[in-house]
S.K.: 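Once you've had a glance at the structure underneath, I'll fire off some questions.
The sequence lines fix the lettering, A, B, ..., with proteins before strands; numbering per chain opens at 1.
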Amino acid sequence: MQIQIYNTLARQKELFVPQDPQRVTMYVCGPTVYNYAHIGNARPVVVFDTLYRLLQQAYPNVIYVRNVTDVDDKINAAAKAQGVPIGTITERYHAIYSQDMAALGALPPRIEPKVTQHIGAITGMIERLIANGHAYEAEGHVLFNVPSFAEYGRLSRRDRDDMIAGARIDVAPYKRDPADFVLWKPSPPDLPGWDSPWGRGRPGWHIECSAMIEQNLGTGTIDIHGGGHDLIFPHHENEIAQSTCAHGGRLFSRYWMHNGFVNIESEKMSKSIGNVLLVHDLLKQAPGEAIRLALLSAHYRQPLDWTEAGLREARAQLDRLYRALDGLKDVKPSVTRAPETFLAALADDLNTPRALAELHQIANAANKATDAAEKARLKGELLAAGWLLGLLQQDPAAWLKGDVNADIDVTEIEALIEARKAARARKDWAESDRIRDQLAARGILLEDKAGQTNWRVAS
RNA sequence: GGUCCGGUGGCGGAGUGGUGACGCAGCGGACUGCAAAUCCGCGUACGCCGGUUCAAUUCCGGCCCGGACCUCCA
């Protein structure tokens with residue numbers, strides 16, 4: 001399979017050629033665990049999970065690393081506000097994060113490194129950068145010296161003057177150059193800190209990722225580095241500077257991928273507007289699978305407008321797809337590979353809208369199929385294609401009957417269906433329709449098919 | 001100001017130098033006791049103005065509108 005990836009470094013699609021096809025490596029910037037994840041945090045998780053699934057289809061050994069940032073000033077603030085140690089905050093929210101992302105169908109990454117377990121790697125890397133002349137100590141801080149790296153600005157296509165002109169924060173007096181950024185900063189006694197050659201302190205944000213990549217994937221070139229669009233500058237630019245300079249100029253990552261942002265009902269999601277949607281809350285309103293489909297319904301590089309209508313539509317789409325699968329419930333799938341048209345869509349820079357269109361085509365063919373062999377093939381294709389998107393792996397009946405309201409139970413539904421069947425047998429249409437309406441009023445929809453009556457929950 | 005991305009039918013959203021992806025909603029038909037589901041069909045969409053071309057929504061130029069980023073926000 002030939003995979004095309006839009007490489008931010010080149011600003012164009014490129015053929016994906018891994019450094020070593022036997023060991024494909026991907027690193028994605030993960031969460032800072034101090035709060036519930038919002039829908040914007042979920043997009044890269046779902047997008048790169050889909051890429052992970054595709055890569056696994058194409059390569060035997062894909063090492064996907066997604067970090068957990070468990071040292072951060074926002075964590076410190078949350079711990080202080082709640083009067084608990086930072087570990088209490090980070091463990092709590094990491095656990096919630098893992099649950100919520102699993103509910104969205106995201107596979108766990110192969111490696112999930114934590115910053116607190118990589119302090120040695122961080123200080124080691126900083127020491128090398130100082131020895132190389134790329135970093136320096138000043139007033140308890142260690143800073144990366146940006147002018148020492150000629151390529152700085154290549155990823156974000158900024159030149160130094162712009163960066164300085166655009167700086168919104170007063171330049172600290174100890175910086176040699178206004179663009180220099182912090183690798184290590186001192187910690188007062190009331191904040192978490194680790195002993196280092198530069199005194200007790202904690203790592204800057206950017207160095208964490210460089211060090212975790214180095215410790216988990218080595219000092220060689222990684223294949224894919226991903227994250228949100230906003231991370232291009234400064235975070236990824238700085239990672240490139242740190243890792244390239246610490247690795248003797250070796251290429252850091254072959255491909256850089258960035259997902260677009262999520263807006264909420266056409267507005268930017270922000271705390272000040274008060275429209276931040278937490279995955280944890282959305283999961284109470286809709287199945288994780290519907291949320292996932294909604295996130296995959298636009299191409300990953302485009303902005304995604306999150307709306308209630310969009311979520312409803314995602315649910316309706318899944319109803320249709322699961323109904324097709326339900327129609328094949330007695331069929332044994334005969335293939336385990338998605339059709340080429342579907343794979344081609346995903347392999348074209350993860351074109352999930354096109355892949356979804358192909359999925360609907362398969363469902364349509366499945367609904368029409370009468371030949372047993374064709375049904376068996378289509379069922380296999382539906383399941384295999386669904387797996388690549390992280391969809392359609394539930395029992396169709398479980399999806400269609402899943403959210404039965406507490407005020408009605410299955411026995412009662414089935415008793416009413418039996419009563420209706422009897423009424424229909426004696427052509428008592430008034431009674432038959434009365435029962436159907438009664439169930440509909442309680443959110444249960446009936447479908448008469450081939451002499452049988454199926455029911456499902458209205459979505 | 002700099003860097004970058006968009007403007008496609010009622011809605012979402014792909015894509016393409018020349019048969020209107022796909023889904024949701026709607027309408028008509030088949031099926032059904034009637035429905036639902038399913039299947040079939042329908043809607044003359046490509047921001048504006050020029051240019052290139054036999055042909056542009058698709059390429060080029062200009063304009064208008066919207067959005068993102070510009071030192072720690074996915």
S.K.: Using a heavy-atom cut-off of 4.0 Å across all strands, would you classify A:K427 as base, sugar-phosphate, or nothing?
M.R.: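 Result for A:K427 = nothing.
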S.K.: Across the strands shown, which category fits A:S432 at heavy-atom distances under 4.0 angstrom: base, sugar-phosphate, nothing?
M.R.: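 Touches a base.
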S.K.: Without decimals, in angstroms, what is the distance between A:E208 CD and B:C72 C1'?
M.R.: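 Roughly 10 Å, once rounded to whole Å.
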S.K.: Are any of A:K268's side-chain N or O atoms less than 4.0 Å away from OP1 or OP2 of B:C69?
M.R.: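 Looking at the OP1 and OP2 atoms of B:C69, one of them is under 4.0 Å from a side-chain N or O of A:K268.
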S.K.: Can you figure out which of B:C39, B:U71, B:A14 approaches the side chain of A:K175 most closely?
M.R.: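 Of all the options, the side chain of A:K175 is nearest to B:U71.
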S.K.: Hey, does A:N351 reach any base, or is it just sugar-phosphate, or nothing, if we go heavy atoms under 4.0 Å?
M.R.: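 Sugar-phosphate contact only - A:N351 comes under 4.0 Å of backbone atoms but never of a base.
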S.K.: Looking only at side-chain N and O atoms, does A:Y97 offer a donor or acceptor that is under 3.5 Å from a partner on A:N41?
M.R.: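 Absent: no donor and acceptor within the cut-off.
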S.K.: Test your reading of the model: is there a side-chain donor-acceptor pair from A:E237 to the backbone of A:G153, 3.5 Å cut-off?
M.R.: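 Yes: the side chain of A:E237 pairs with the backbone of A:G153.
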S.K.: Below the 4.0 Å mark, does B:C73 have OP1 or OP2 next to a side-chain nitrogen or oxygen of A:K74?
M.R.: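 Looking at the OP1 and OP2 atoms of B:C73, one of them is under 4.0 Å from a side-chain N or O of A:K74.
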S.K.: Taking only the side-chain heavy atoms of A:N364 (C-beta and beyond), determine which of B:C4, B:C34, B:C40 contains the nearest atom.
M.R.: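 Among B:C4, B:C34, B:C40, the one nearest the side chain of A:N364 is B:C40.
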S.K.: Whole angstrom is fine here: how far is it from NE2 in A:H360 over to P in B:C22?
M.R.: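 Distance, rounded to whole Å: 11 Å.
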S.K.: Whether the side chain of A:R301 engages the backbone of A:H258 through a donor-acceptor N/O pair (distance < 3.5 Å, no angle test) should be reported.
M.R.: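 No, the answer is negative, given that no donor and acceptor are paired below the 3.5 Å cut-off.
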S.K.: Are OP1 or OP2 of B:A14 and a side-chain N or O of A:R301 less than 4.0 angstrom apart?
M.R.: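 For B:A14, neither OP1 nor OP2 has a side-chain N or O of A:R301 closer than 4.0 Å.
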S.K.: Using atom C1' in both nucleotides, what's the gap between B:G17 and B:G51 to the nearest angstrom?
M.R.: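 Straight-line distance between the two C1' atoms is 15 Å.
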S.K.: Provide the distance between the two C1' atoms, one in B:C65 and one in B:C49, to the nearest whole Å.
M.R.: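 After rounding to an integer number of Å, I get 15 Å for this pair.
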S.K.: B:U71, B:A74, B:U3: which one has an atom nearest the side-chain heavy atoms of A:L231?
M.R.: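 Given the options B:U71, B:A74, B:U3, the side chain of A:L231 is closest to B:A74.
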S.K.: Within the structure shown, what part of the strands sits under 4.0 Å from A:V262 by heavy-atom distance: base, sugar-phosphate, or nothing?
M.R.: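 Base, at least one base atom sits under 4.0 Å.
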S.K.: Nearest to the side chain of A:P44 - B:A74, B:C72, B:U3?
M.R.: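 In terms of side-chain proximity for A:P44, the closest of B:A74, B:C72, B:U3 is B:A74.
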S.K.: Roughly how many Å apart are B:G23 and B:G43, using the P atom of each and rounding to a whole number?
M.R.: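 My reading of the P atoms in B:G43 and B:G23 gives 16 Å.
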S.K.: Of all the nucleotides listed (B:A14, B:C73, B:G33), which has the minimum atom distance to the side chain of A:H299?
M.R.: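 From the listed options, B:A14 comes nearest.
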S.K.: Over how many whole Å does the gap from A:R434 atom CZ to B:C34 atom C1' extend?
M.R.: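 Going from A:R434 (CZ) to B:C34 (C1'), I get 16 Å.
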S.K.: Given the C1' atoms of B:G47 and B:G6, what is the spacing between them in whole Å?
M.R.: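 Result for the C1' pair: 11 Å, nearest Å.
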S.K.: Calculate the interatomic distance between A:D305 atom CG and B:G6 atom C1'; express it in whole Å.
M.R.: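 It works out to 13 Å between those atoms.
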S.K.: Give the rounded distance in Å between these two atoms: CG of A:L282 and C1' of B:A74.
M.R.: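 After rounding, the reported distance stands at 15 Å.
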S.K.: Output yes when at least one side-chain N/O atom of A:R424 is less than 4.0 Å from OP1 or OP2 of B:G33, else no.
M.R.: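 For A:R424, the contact criterion (side-chain N or O under 4.0 Å from OP1 or OP2 of B:G33) is not met.
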S.K.: Nearest-Å distance, CG (A:L304) to P (B:C5)?
M.R.: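 Nearest whole value for this atom pair: 19 Å.
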S.K.: Would you tell me whether A:Y300 and A:D349 have side-chain atoms, one donor and one acceptor, within less than 3.5 Å of each other?
M.R.: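 Side chains of A:Y300 and A:D349: pair found under 3.5 Å.
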S.K.: Looking across every strand, which nucleic acid part, if any, lies under 4.0 Å from A:N367 by heavy atom: base, sugar-phosphate, or nothing?
M.R.: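 The residue A:N367 makes sugar-phosphate contact but no base contact.
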S.K.: Suppose you measure atom C1' in B:G12 against the same atom in B:G7; what distance do you get, rounded to whole Å?
M.R.: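 Here B:G12 and B:G7 have their C1' atoms 15 Å from each other.
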S.K.: May I ask you to evaluate whether A:K449 reaches the phosphate of B:C31, defined as a side-chain N or O under 4.0 Å from OP1 or OP2?
M.R.: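 So the side chain of A:K449 is outside the cut-off, no N or O lying under 4.0 Å from OP1 or OP2 of B:C31.
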S.K.: Do the side-chain N or O atoms of A:R320 get closer than 4.0 angstrom to the phosphate oxygens (OP1, OP2) of B:G23?
M.R.: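 It does, given that an N or O in the side chain of A:R320 lies less than 4.0 Å from OP1 or OP2 of B:G23.
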